[in-house]
Every structure is written in structure tokens, then in C-alpha cells.
Undergrad: 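Before I ask anything, let me first share the structure, which is written out below as C-alpha cells.
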There are 2 protein chains.
Amino acid sequence: MEAKEILKQHVRKTAILSDEQFEYFFSHFKPKSFKKGQVLISEGEKVDQEFFVISGCLKAFFINDQIKMYILQFAMPTWWTSDYGALYNQSKATIGVDCITDAEVLCLSNQDREKLCNELHQVEHFFRWRTNKGYLASQKRLLSFMNNDTKARYEELLAMYPQLYNLVPKHLIASYLGVSRETLSRLYNNHK
Amino acid sequence: MEAKEILKQHVRKTAILSDEQFEYFFSHFKPKSFKKGQVLISEGEKVDQEFFVISGCLKAFFINDQIKMYILQFAMPTWWTSDYGALYNQSKATIGVDCITDAEVLCLSNQDREKLCNELHQVEHFFRWRTNKGYLASQKRLLSFMNNDTKARYEELLAMYPQLYNLVPKHLIASYLGVSRETLSRLYNNHK
DNA sequence: TGGATTACGTGATCTAGATCACAATCGTAA
DNA sequence: TTACGATTGTGATCTAGATCACGTAATCCA
């Protein structure tokens, strides 16, 4: 399926847009292709876009003291990603985004999103729900962090996204779980 | 300042509403007073409201296996709280909300929020931004969890909300930080 | 094709924080 | 005022996971 159709189906789950309205909405997105390893947002630079993933897998991550990396999100098809803190506050990126695999995305500028939200009530409605879902997911992950040990969080992750196991290197999964790669390695090799 | 004025100033930070529109908006809120310890949402029951805090301090918490409590949020004046997962999915509460101190709140039903969002574009805009701020705060807290040790998180919390130290019992602060009360106690009594 | 970089496994050691146990103090309701 | 529950402090012990160290397999790329 082509990018436009994927976005259309995604948006129409929560917003009512006529074909004309959707065409107008879609006209603000720029399709782009990236190779594995390419960078979409690099820390310290200006952020003015967010990304809707059509294919492939991106990661959004934070690096502490140039040393440890923590993955905030694996962005899969129909997911949105960016450094939203920097995007909304017009500040420099503290979160990086790059490609784990080759990927196609649709880019939307901050300015265009706000313009569209303002022009079309249903677009504002859509983005309210999208953010809402993100908020609930984030809260759930926070609880999981406090509640569960690494093994439980690992199993939870793989139950939710089985593709990840073969798609992304293990040390990235460790970064998502917030543990060292050694601990993760011992975990799934069953050194109980 | 009275409740209506507090809500008005809060909403007008992000939404443009005429006095008439605000009056209409406000007419959907029910003011309520609670005593310390009173319960606003109890786990397992139906949730159909969210709360805007006028005065006092609430907590939103999750209890694991009837044993450990984790605090998701201390809700202070001008903050919103509820079990949003249950609220939006029309399911039973998994998160509880009760009063740490005597409190006054404004109650808004899920149905009325959606009605208002639908009727007034600016109300939808307001709630999009509110959720956005919540999402960013939640993401920040998640990062802090992965990045920082307990001492750093404790200092971060007190730097942000100095009132908490005298307002809420220490074991609740421990529950927010996700550590045992003993560890927290040793922390601020400087058993390095 | 071969050399280098990245990914992964695993042993040894160390540490933050959990857990258990007990005592002291503070509030608040009767 | 009394008494009981809630709150807090602190010692002793235990454990999940970090860190360090090293070796091997896989992958990339000129």
C-alpha cells in the first residue's frame, strides 16, 4: 500500500475527514526515504519536523553524558516520532532519531501541524487522540519500570512486538529496557 | 481566588475563549470538597470523571498485587488527574485517586469533555495541549528513571516541588520515587 | 578476500537498594 | 488524658543487576 493510503487509514480511525480534506491534509507531508543508520534528528540541532513511519524501524533515544544510550521508542510503521519536547518548545534537540533499518517516512513540520489543527477541527481532534495514546503508553511503561524486574519487562516487550527480536540488535533492546547488554544476554540464555 | 477564576486563568493560557464561551464551558464542571483520606477513584470501579484541583493535594497511584503502591502523580492546584486509561476506554479503574490533604476540585465527566471538545474547537485545542504537557512530563520522568539513581531523582523532585517535603508523608515520596521508605530515609539523613 | 568494526556470550567482582526486624515518636479519635 | 495506628529511623543481611574483562562470531566494506 502506498504512503498516502496508510496515513489515510490511520487518521480515519479517529478523525472524520472528507476526501478533499484529507488531500489537503496530506499535501503538507513530505515523503522521504532513509538508509539504515541515517539520522533524522541529531542532538543539539534544531527540530522542526515530526515523522510518520510508513516502513522500517526508527529509534528515538537519549544519550547521557556521551556514554549511555536509552531508547525511548522503537518507531514502527504507523507510529509517529520526533523530539516532541524540542519541537513544541522550539528548542534544540536533546533526543536523537535515526534508522535501525531502511525506512520510509512522511515528514510534517511543526508549523504545518499547528496550521492544520487550527484550520480543521477534526485534525486537532486527531492529534489530541494521538497524543493521548502516547501519554497512556508512556504512563504504562513508567509503571512497568517501577513494578517489574528486567525479565518481566523483557517478556512484556517481546509479547507486544515479537518482530523486534529479529529486527533490532540485542543491545538496543537492552537500551530500551534500561539494563546492560550483559544482563539482557544472561536473561534470555536462561541463567536463572 | 474562587474556583471559576482559577480555571479561567488556567484555560486561557492555551485557549481563546470568550466570557460567554467560558461560562458555558464552566457550567459543565461540578465543584466538590473532600477531606484528607477521602477517595475519588477506587480501583475496580467505573470511572467517568476527571478532576481539576483547586486546592489541596491528591495522589494518583497504582497498587501491585495488593502490596506495593506506586504513585503516578501528586496532583496539586491547577493540575488534572484521573485514571485516564480507564476513562478513555470506558473500563474499570486500575489506578486509584485519593486526598493527601483536604481538597477542593472541579469534576468534569468524560462525556461532557468530549461534548465540549466537539462543540468548541478551542476547547479541543486546550485539551490537546494539556495532554501534550502530560506526555512530555511522563517521558521526562521515564528518562529520569532510567538515567538517575534514587538520590538524583529525590533532589529533582524536591527542586521541582519544595512544598512536598512538608506536605506529604515520606513514605509517599518513596512510593513516587519507586524506592523503599527505608532507602529514602537513609538518603536524606545522609548515610552516604 | 581479508581486516576491522560491531554484536554477542560469559565469568568474576562489586554495589545500590530491597527486605526484615525492631524501636521510637507523632497524631488523632474516644 | 489515653491509647492505638501511622510515621519514621536504623542496623543486619541479601540480591538483582552493573561493571570489568576477555573471547568468539558475525557483518561490513574497500
Side-chain angles (χ1 to χ4, degrees), chain A residues 34-39 57 59 61 63-71 74 98-102 143-158 163-192, chain B residues 34-39 57 59 61 63-71 74 96 98-102 143-158 164-192:
Chain A
F34 293 94
K35 291 283 171 196
K36 177 178 177 178
Q38 275 196 285
V39 173
C57 181
K59 67 174 195 283
F61 58 95
I63 294 182
N64 161 269
D65 304 326
Q66 325 290 334
I67 300 181
K68 278 199 190 173
M69 177 179 71
Y70 297 103
I71 292 183
F74 291 115
D98 63 22
C99 296
I100 296 179
T101 68
D102 291 357
L143 267 182
S144 177
F145 240 92
M146 297 202 274
N147 237 334
N148 305 129
D149 62 10
T150 302
K151 184 165 190 179
R153 293 208 311 286
Y154 171 67
E155 282 161 0
E156 194 177 57
L157 178 65
L158 283 198
Q163 332 88 293
L164 279 183
Y165 189 85
N166 293 313
L167 192 61
V168 317
K170 307 283 172 285
H171 72 271
L172 292 184
I173 293 182
S175 293
Y176 180 92
L177 295 173
V179 294
S180 68
R181 58 168 199 84
E182 293 95 333
T183 295
L184 182 62
S185 169
R186 286 186 245 269
L187 251 184
Y188 53 66
N189 291 319
N190 253 329
H191 294 241
K192 41 181 150 167
Chain B
F34 294 94
K35 291 282 171 196
K36 177 178 174 174
Q38 274 195 286
V39 173
C57 182
K59 66 175 195 280
F61 58 94
I63 294 181
N64 161 268
D65 304 326
Q66 325 289 331
I67 300 181
K68 278 199 190 174
M69 177 178 71
Y70 297 101
I71 292 183
F74 292 115
D98 63 22
C99 296
I100 296 179
T101 68
D102 291 357
L143 268 182
S144 177
F145 240 92
M146 297 202 274
N147 238 332
N148 304 129
D149 63 10
T150 302
K151 183 165 191 180
R153 293 208 311 284
Y154 171 66
E155 282 162 1
E156 193 177 56
L157 178 65
L158 283 198
L164 280 183
Y165 188 85
N166 293 313
L167 192 61
V168 318
K170 307 284 172 285
H171 72 272
L172 292 185
I173 292 181
S175 293
Y176 181 92
L177 296 174
V179 294
S180 68
R181 57 168 202 83
E182 293 95 330
T183 295
L184 182 62
S185 169
R186 286 186 246 268
L187 249 185
Y188 53 67
N189 291 319
N190 254 328
H191 293 242
K192 39 179 148 172

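Reminder, nothing fancy here: chain letters follow the sequence lines and each chain counts from 1.
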Undergrad: To the nearest angstrom, how far is B/Glu182 atom CD from C/dA21 atom C1'?
TA: 10 Å
Undergrad: Answer with yes or no whether A/Arg181 presents, from its side chain, a donor or acceptor under 3.5 Å of a partner atom in the base of C/dT6.
TA: no
Undergrad: Measure from NZ on B/Lys68 to P on C/dA18 and round the result to the nearest Å.
TA: 7 Å
Undergrad: Separation of A/Arg186 atom CZ from D/dG17 atom P, in whole Å?
TA: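 So the CZ-P distance, A/Arg186 to D/dG17, works out to 12 Å.
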Undergrad: What integer distance in Å separates B/Asp149:CG from C/dG17:C1'?
TA: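 The distance from CG of B/Asp149 to C1' of C/dG17 comes to 10 Å, rounded to the nearest Å.
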Undergrad: Can you find a side chain N or O atom of A/Lys36 that sits less than 4.0 Å from OP1 or OP2 on D/dC28?
TA: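 It does, given that an N or O in the side chain of A/Lys36 lies less than 4.0 Å from OP1 or OP2 of D/dC28.
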Undergrad: Please tell me if A/Tyr188 has a side-chain N or O lying less than 4.0 Å from either OP1 or OP2 of C/dC8.
TA: no
Undergrad: Looking at B/Ser180, I'd like to know whether one of its side-chain N or O atoms comes within less than 4.0 Å of OP1 or OP2 on C/dA18.
TA: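 Looking at the OP1 and OP2 atoms of C/dA18, one of them is under 4.0 Å from a side-chain N or O of B/Ser180.
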Undergrad: Whole angstrom is fine here: how far is it from NZ in B/Lys170 over to P in C/dT25?
TA: 17 Å
Undergrad: Which of these passes side chain to side chain contact (heavy atoms under 4.5 Å, CB included) with B/Ser175: B/Met69, B/Lys68, B/Lys59?
TA: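 Exactly one option meets the side chain to side chain contact (heavy atoms under 4.5 Å, CB included) with B/Ser175, and it is B/Met69.
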Undergrad: Starting at atom CG of A/Asn166, determine the distance to atom P of D/dT27, rounded to an integer number of angstrom.
TA: 12 Å
Undergrad: Is any side-chain N or O of B/His171 closer than 4.0 Å to OP1 or OP2 of D/dT8?
TA: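 Yes, such a contact exists.
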Undergrad: Expressed as a whole number of angstroms, how long is the span from B/Leu184:CG to D/dT7:P?
TA: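 Value for this atom pair: 14 Å.
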Undergrad: Before you tell me yes or no, could you show the steps for A/Asp98 and A/Phe34 under side chain to side chain contact (heavy atoms under 4.5 Å, CB included), namely the whole-Å CA-CA distance, both residues' side-chain angles and the distance that decides it to 0.1 Å?
TA: CA-CA 9 Å; A/Asp98 63 22; A/Phe34 293 94; over 6 Å; no
Undergrad: Starting at the 5' end of DNA chain C and moving along, which residue's nearest nucleotide shows up first, B/Thr183 or A/Leu172?
TA: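 Nearest nucleotide further toward 5': that of A/Leu172.
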Undergrad: Of all the nucleotides listed (D/dT10, C/dT28, D/dT7), which has the minimum atom distance to the side chain of B/Asn189?
TA: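 Selected nucleotide (nearest to the side chain): D/dT10.
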Undergrad: Write down the atom of A/Leu184, the atom of A/Ala174, and the distance for their closest heavy-atom approach.
TA: CD2-N, 3.5 Å
Undergrad: C/dA18 C1' sits how many Å from A/Met146 CE, rounded?
TA: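 Going from CE in A/Met146 over to C1' in C/dA18 covers 16 Å.
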Undergrad: Run the side chain to side chain contact (heavy atoms under 4.5 Å, CB included) test on A/Leu167 and A/Ile100 for me, step by step, so that the C-alpha distance in whole Å, both residues' side-chain angles and the decisive distance to 0.1 Å come before the verdict.
TA: CA-CA 8 Å; A/Leu167 192 61; A/Ile100 296 179; 5.5 Å; no
Undergrad: When we call it a touch if two heavy atoms are under 4.0 Å apart, what does A/Gly178 touch: a base, just sugar-phosphate, or nothing?
TA: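 The answer is sugar-phosphate, as A/Gly178 gets under 4.0 Å only of primed atoms, P, OP1 or OP2.
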Undergrad: Flag this pair as yes if the NZ/CZ of B/Lys170 is under 6.0 angstrom from the six-membered ring centre of B/Tyr165 and inside a 45 degree cone about the axis; otherwise no.
TA: yes
